[in-house]
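Worksheet for the structure shown next.
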Amino acid sequence: MTLHLINKTPSESSALRDSLSAVSNGDALLLIENGVYAAMPAYAELFTRLPGSVQCYLLEDDAIARGLKDLNQDFRAIGYDGFVELSCRYGKVVSWF
Amino acid sequence: MTLHLINKTPSESSALRDSLSAVSNGDALLLIENGVYAAMPAYAELFTRLPGSVQCYLLEDDAIARGLKDLNQDFRAIGYDGFVELSCRYGKVVSWF
Amino acid sequence: MSDTKKSFLIINRKAPYGSSAARDALDVALTISVFEQPLSLLFMDDAVLQLLPAHNAAAIGQKNLSANLSMLEMYDIDQLYVCQRALEQRGIRPDDIELNIILLDQSGIAALIKKQDQVLSF
Amino acid sequence: MSDTKKSFLIINRKAPYGSSAARDALDVALTISVFEQPLSLLFMDDAVLQLLPAHNAAAIGQKNLSANLSMLEMYDIDQLYVCQRALEQRGIRPDDIELNIILLDQSGIAALIKKQDQVLSF
Amino acid sequence: MIFSIVVTGAPYSSQASASALQFSRSVLKLGHTIHRVFFYADGVHSGSALAAPPQDEANIPSEWTALACEHDLDLVVCIAAAVRRGVLDENEARRYEKSGHNLSPDFTLSGLGQLVEAGILSDRVVTFGA
Amino acid sequence: MIFSIVVTGAPYSSQASASALQFSRSVLKLGHTIHRVFFYADGVHSGSALAAPPQDEANIPSEWTALACEHDLDLVVCIAAAVRRGVLDENEARRYEKSGHNLSPDFTLSGLGQLVEAGILSDRVVTFGA
């Protein structure tokens, strides 16, 4: 299973769209850097076709830096330690940028 | 009147889309660098809502470099000299990237 | 040179912090105002995300952009134009923004660009 | 180290020449093949534009990517996977491409990624 | 007509500096003037004296140098963007107590005022972005 | 678990190098191993010895150096990407007859083989892209 790492907004690159088309059941998504903006409620529709088995995370440090709150509830906020733990738990990490 | 300079593909940035929403009658578009890919016929629909008074150009050097031919006929191919002449003819140049 | 005036427009299109674009643009804006040239700022696309309140960029080892944005008002740069569609696409209400902004639709943006002498993009 | 084998996938997503990404990816691909590791290349999004024939990058003072792409076949890297939707969106027919490619739909791409040990992105 | 050129992309990483160079050559060939070329953000790497691309590839920094010498161009690198990115002239290297410097002598480090002044004094400002 | 980290974005221009640094700190704190950090493309500027950001901003290259010294990290800068971009060690400066060098001594210039070897020997490769 794969951890998909996305660091761009939905507008600045097609990284998010491409990653969503490449997930398998049981994979996870982690939004970092500018990627965290994708967890704004206005972008929720992008994630509606994800299999329910795909867990969604965002890097809290990046969301705090950008003043983001009231984000999409489907995303769990984690710190860098959580990021490392996810990298261990999933078999590999694929970066989309 | 403005010369709008676009150097990104329709997929790698929203530069093209943003530029199209900002043109005035009598402006011109010039595609350079990766921007020339937007003149592939598959992207023709992006330009259908442009006012007829907006002239469309592409930088030939960049199209040749990328092996592009049979491009959208609405775009006239020019060289760097033509690029300079357009910059003079239009009152200012706005870059979208 | 003091006799010459040119109107400048800075077009911002990038989100803050992920790249240096937002700060680069603000540094240019402050410099233009030091030169006392007419200046407008336009926020399109992801750049409207620069306008969200309560940044805390120390969390990622950077400096807050908000401080520089507030300086714009101190420098009498109060022409902050914002693309309405960019706000809507991101679900940001104009009330969420704590700066004095002027909302523009597509034709407003075209008209704003049309009347400038020089346009710098970030 | 000679006993260890890992399967590598290189995901290409960028157009050629506008940035160094396409060439950086090819250099890594050739190095992986020197190490005799199982290697696949996947072209998604704008990276399918790398596969168009008849580049003439000398026109912009660069070197043709095509030469390096052909080298892939010399190095026995013949697993070139291409995102079908990316081709369609750009109106490129598979016949336009002069390399041996394998077309993949969305589920094919997911399956390809799933079976790799390491994935490098460009 | 008086042009100024702005470059915000680094050579090799982006095409911006190479395109700006080609554009500048045409500007001069057609009899116009270049008031200044201003290198900002990652564009500052165009001023590197240490860039050593393979011999069969263009050497963008040295092409700028050659064009500048031939036409007496004012090549200005934004000082704030440059020192952050490790592009220093001899003065800045001394100021920051660094062991060396790497700005090509045909480029000048200066402030953003040079960009704004170029905008005021030029008929056209053309930005090559990354 | 054995990690290797790949960085392809330059400090200040992109967040990639700063994120990779934070991630690396957590990897080490949690008791894992970092086999190598490989700087590729614009990531090579993370190895600059000349970067001089304002004092109230993070100095990413020197933070890498500090982390490397503390944990004996192998910081490898891709030699082909680096020399093109003007990032040279003493050897390369001599080879290309350049007046100076600017690679921080805690970084090593080496080939792409170091990236591939890291992929083979590491359980996880995490890329911070720009």
Side-chain angles (χ1 to χ4, degrees), chain E residues 8-14 16-18 39-62 64-65 77-107 109 129-130, chain F residues 8-14 16-18 39-62 64-65 77-107 109 129-130:
Chain E
T8 71
Y12 313 108
S13 314
S14 107
S17 196
F39 298 90
Y40 195 32
D42 282 348
V44 301
H45 294 297
S46 303
S48 171
L50 303 184
Q55 295 205 321
D56 57 351
E57 287 178 36
N59 186 324
I60 306 290
S62 75
W64 276 116
T65 293
V77 173
C78 173
I79 187 166
V83 297
R84 217 174 237 125
R85 287 171 174 81
V87 175
L88 306 180
D89 64 7
E90 221 171 326
N91 271 336
E92 296 307 301
R94 222 176 358 250
R95 180 195 319 272
Y96 293 104
E97 299 175 358
K98 297 291 185 181
S99 55
H101 52 95
N102 58 347
L103 185 74
S104 164
D106 300 293
F107 292 74
L109 289 184
Chain F
T8 70
Y12 313 108
S13 314
S14 106
S17 195
F39 298 90
Y40 195 33
D42 283 348
V44 302
H45 294 297
S46 303
S48 172
L50 303 184
Q55 295 205 319
D56 57 351
E57 286 178 36
N59 186 322
I60 305 291
S62 74
W64 276 116
T65 293
V77 173
C78 173
I79 188 165
V83 297
R84 219 175 234 128
R85 287 171 174 81
V87 175
L88 305 180
D89 65 6
E90 221 171 326
N91 271 337
E92 296 307 303
R94 222 176 358 251
R95 181 195 318 272
Y96 293 105
E97 299 176 359
K98 296 291 185 180
S99 56
H101 53 94
N102 57 347
L103 184 75
S104 166
D106 301 293
F107 292 75
L109 289 185

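Residue numbers start from 1 in every chain, and the chains themselves are labelled A, B, ... in the order their sequence lines are given, proteins ahead of strands. Note that this is a predicted model, so its numbers are computed, not measured.
The residue among F:Pro54, F:Ala51, F:Ala52, F:Ser13 with the most heavy atom pairs within less than 4.5 Å of chain E is F:Ala52. With chain E as partner, the option from F:Val87, F:Asp42, F:Val83, F:Asn102 having the largest number of non-hydrogen pairs under 4.5 angstrom is F:Val83.
Closest non-hydrogen pair, F:Arg84 versus E:Tyr12, comes out as O-CE1, 3.1 Å. In terms of heavy-atom proximity, F:Leu50 sits nearest to E:Gly100 at CD2-O, 3.4 Å.
For a residue to count as touching a neighbouring chain, one of its non-hydrogen atoms must lie under 4.5 Å from one of that chain's; by this rule F:Glu57 touches chain E with the side chain only. For F:Pro61, no part lies near chain E; criterion is any non-hydrogen pair under 4.5 Å. Residue E:Ala49 touches chain F through its backbone alone, counting heavy-atom pairs closer than 4.5 Å.
With values rounded to the nearest 0.5 angstrom, E:Leu88 atom CG is found 7.5 Å from F:Ser48 atom OG.
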